[in-house]
Amino acid sequence: MRDATADPAALSAALLDWYDRHARALPWRVGPAERKAGVRPDPYRVWLSEIMLQQTTVAAVTAYFHRFTRLWPSVDALAAAEDGAVMGEWAGLGYYARARNLLKCARVVTGEHGGVFPDDHAALLALPGIGPYTAATISAIAFDRPETVMDGNVERVVSRLYDIHTPLPAAKPELHALARALTPAQRPGDHAQAMMDLGATICTPRSPACGICPLRDPCAARAAGTAPLLPRKAEKKAKPVRQGSVYIARRADGALLLERRPDKGLLGGMLGWPGSDWGERVEEAPPVAAQWQVLPGEVRHTFTHFHLILQVRHAEVEAGSAPERGAFLGQDAFRPSDLPTVMRKAYDLWRSGAAHGPGRAD
DNA sequence: GACCCGTGGTG
DNA sequence: TCACCAAGGGT
């Protein structure tokens, strides 16, 4: 199915020419004009952005990237941060193991590499939270190494360029070999970013803009009319529905009962309301003795592999009450933005009900 | 390879 | 409303 006229050097040249004219301006990016003028990206910012961008859109990442770089302008500054502060700033971005590994990685770079990111693939791969994709991307973008970057964008672009119908993930080795042949010796960093920009703006998952694509002539899927159908993917399993409950206790002074979740597992390391496990139909004793009231309504939330329906309970507790789980956090120390989204939804449900007082209709 | 791990946008 | 999707990594 390969187009014999699709010379890799010509493809790469056409792609770089398009990138020079249409590169997205991104907060962590050194654009093609600056790069040609000799400007080099800050490896810390490249690394931070790549971790944030794992399975996450540019639109979602941008505000987080600005906050993180303002609070912690260097890897040394980040390494010195408190765990809770970093987890709180990451709240809402998801995949919280990334934040835990972000801190681990910063502390290794500071403690074992003198605060300087290593510039070789193997050393990068050995760092927490950096896998094959991120190691290759940091090498290419931060150090302009001729690494082959294989993310979801590149898989899509290459599968269409060569009209590959093998479903993912089985197609990965084949796609990687094809992508490697496209990687140029000159400007590999810009090439990697050009592939991603093409995938994000032209060669999109649905209704790709083939008419204005710089690779439309050599593209095999464009010729075959199969571009919108690629890449094919293995079927996914259905998500089961789980249920559970959380307890929001407020002390007279306004302090709220919260707990730090264990590092492993769902929402690991994040702040949350004490509650039951989540499963078929779980009931559990409250974290503190009180008159618990079931709030009207429910929280619905979807995780990677299940749907959750959450019942929210609330109680006003006495000043001296000793909780069996969690700890009371003072009004001034509690920021709703520190909560992962599902816990934030529970908080919002309680607050929206409290605003209307008891006896609310729904 | 299989499974676990979040979230918000989108059609 | 809902399934799909996004600059993946760890186990």
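Just so it is clear, the structure is predicted and the values come from calculations on it, not from any experiment. Labels below follow one simple rule: chain letters A, B, ... track the order of the sequence lines, proteins then strands, and each chain is numbered from 1.
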Passes side chain to side chain contact (heavy atoms under 4.5 Å, CB included), A/Leu15 versus A/His191? Steps please.
CA-CA 7 Å; A/Leu15 184 62; A/His191 171 82; 3.8 Å; yes
Would you indicate what A/Lys233 reaches in the nucleic acid, counting non-hydrogen atoms under 4.0 angstrom: base, sugar-phosphate, or nothing?
sugar-phosphate
Just to be sure I understand the geometry, which residues of residues 45-66 of chain A put a non-hydrogen atom under 4.0 Å away from DNA chain B?
A/Gln55, A/Thr56
For B/dC5, does either OP1 or OP2 sit under 4.0 Å from a side-chain N or O belonging to A/His305?
yes
Please confirm whether the backbone N or O of A/Lys264 pairs with a side-chain atom of A/Arg100, one donor and one acceptor, at under 3.5 Å?
no
Checking all strands, does A/Lys239 fall into the base, sugar-phosphate, or nothing category for heavy-atom contacts under 4.0 angstrom?
nothing
With hydrophobic residues grouped by side-chain heavy-atom distances under 4.5 Å, do A/Leu124 and A/Ile141 end up in a single group?
yes
Let's go through A/Trp47 and A/Ile130 carefully: what are the C-alpha distance in whole Å and the side-chain angles of both, what is the deciding distance for side chain to side chain contact (heavy atoms under 4.5 Å, CB included) to 0.1 Å, and is it a yes or a no?
CA-CA 9 Å; A/Trp47 163 72; A/Ile130 298 184; 3.8 Å; yes
What integer distance in Å separates A/Arg100:CZ from B/dC4:P?
16 Å
For A/Arg24, which contact category applies under a 4.0 Å heavy-atom criterion: base, sugar-phosphate, or nothing?
base
Taking only N and O in the side chain of A/His301, is any of them less than 4.0 Å away from OP1 or OP2 of B/dG6?
no
Scan A/Leu125 against the nucleic acid and name what it touches under 4.0 Å (heavy atoms): base, sugar-phosphate only, or nothing.
nothing
Side-chain N or O of A/Thr341 closer than 4.0 Å to phosphate OP1/OP2 of B/dG6
no
Taking for A/Pro231 and for A/Pro128 the nucleotide of DNA chain C with the nearest heavy atom, the one nearer the 5' end belongs to A/Pro231
Let me know the distance between CG of A/Leu93 and C1' of B/dG9, rounded to the nearest Å.
14 Å
Which heavy atom of A/Gly115 sits nearest a heavy atom of A/Asp76, and at what distance?
CA-OD1, 3.6 Å
Which part of the nucleic acid, if any, lies within contact of A/Gly92, taking any heavy atom under 4.0 Å across all strands shown: a base, the sugar-phosphate backbone alone, or nothing?
sugar-phosphate
Strictly below 4.0 Å, heavy-atom distances to any atom of DNA chain B: list the hits from residues 69-90 of chain A, or just say none.
none
Does a donor on one side chain sit under 3.5 Å from an acceptor on the other, for A/Gln54 and A/Tyr133?
no
Rounded to whole Å, the CZ-C1' distance (A/Phe303 to B/dC4) equals 13 Å
First encountered from the 5' end of DNA chain B, between A/Ala97 and A/Arg206:
A/Ala97
By the 4.0 Å heavy-atom rule, please label A/Thr137 as base, sugar-phosphate, or nothing.
nothing
Taking 4.0 angstrom as the limit, do A/Asp144 and A/Arg40 come out as a salt bridge?
no
Between A/Arg187 and A/Asp20, is there a salt bridge with N-O shorter than 4.0 Å?
yes
Phosphate oxygens OP1/OP2 of B/dT7: is one of them under 4.0 Å from a side-chain N or O of A/Tyr96?
yes
Rounding to an integer number of angstrom, what distance separates C/dG9 and B/dG8 when you compare their P atoms?
22 Å
In this structure, would A/Leu168 and A/Tyr162 fall into the same cluster of hydrophobic residues linked by side-chain contacts under 4.5 Å?
yes
Whether A/Arg344 engages the ring of A/Tyr347 as a cation-pi pair (distance to the six-membered ring centre under 6.0 angstrom, angle to the ring normal within 45°) should be assessed.
no
When rounded to whole Å, the NZ to P distance for the pair A/Lys345 and B/dG6 reads 14 Å
Go nucleotide by nucleotide along DNA chain B from the 5' end; which of A/Pro340 and A/Lys237 gets its closest nucleotide reached first?
A/Lys237
Should A/Leu11 and A/Ile212 be regarded as members of a common hydrophobic cluster, given that ILVMFWY residues are connected when their side-chain heavy atoms come within less than 4.5 Å of each other, either directly or indirectly?
yes
At the 4.0 Å heavy-atom cut-off to chain A, mark where contacts on DNA chain C begin and end, going 5' to 3'.
C/dC5 to C/dG10
Distance check, P atoms only: B/dT10 and C/dA7, in whole angstrom units.
15 Å
Atom-to-atom span, CG of A/Leu308 to P of B/dG6 - whole angstrom
13 Å
Near-ring test A/Phe303/A/His305, centroid separation under 6.0 angstrom
no
For the pair made of NZ in A/Lys236 and P in B/dC5, what is the distance, rounded to whole Å?
18 Å
So how far is it from A/Leu295 CG to A/His314 NE2, rounded to the nearest 0.5 Å?
7.5 Å
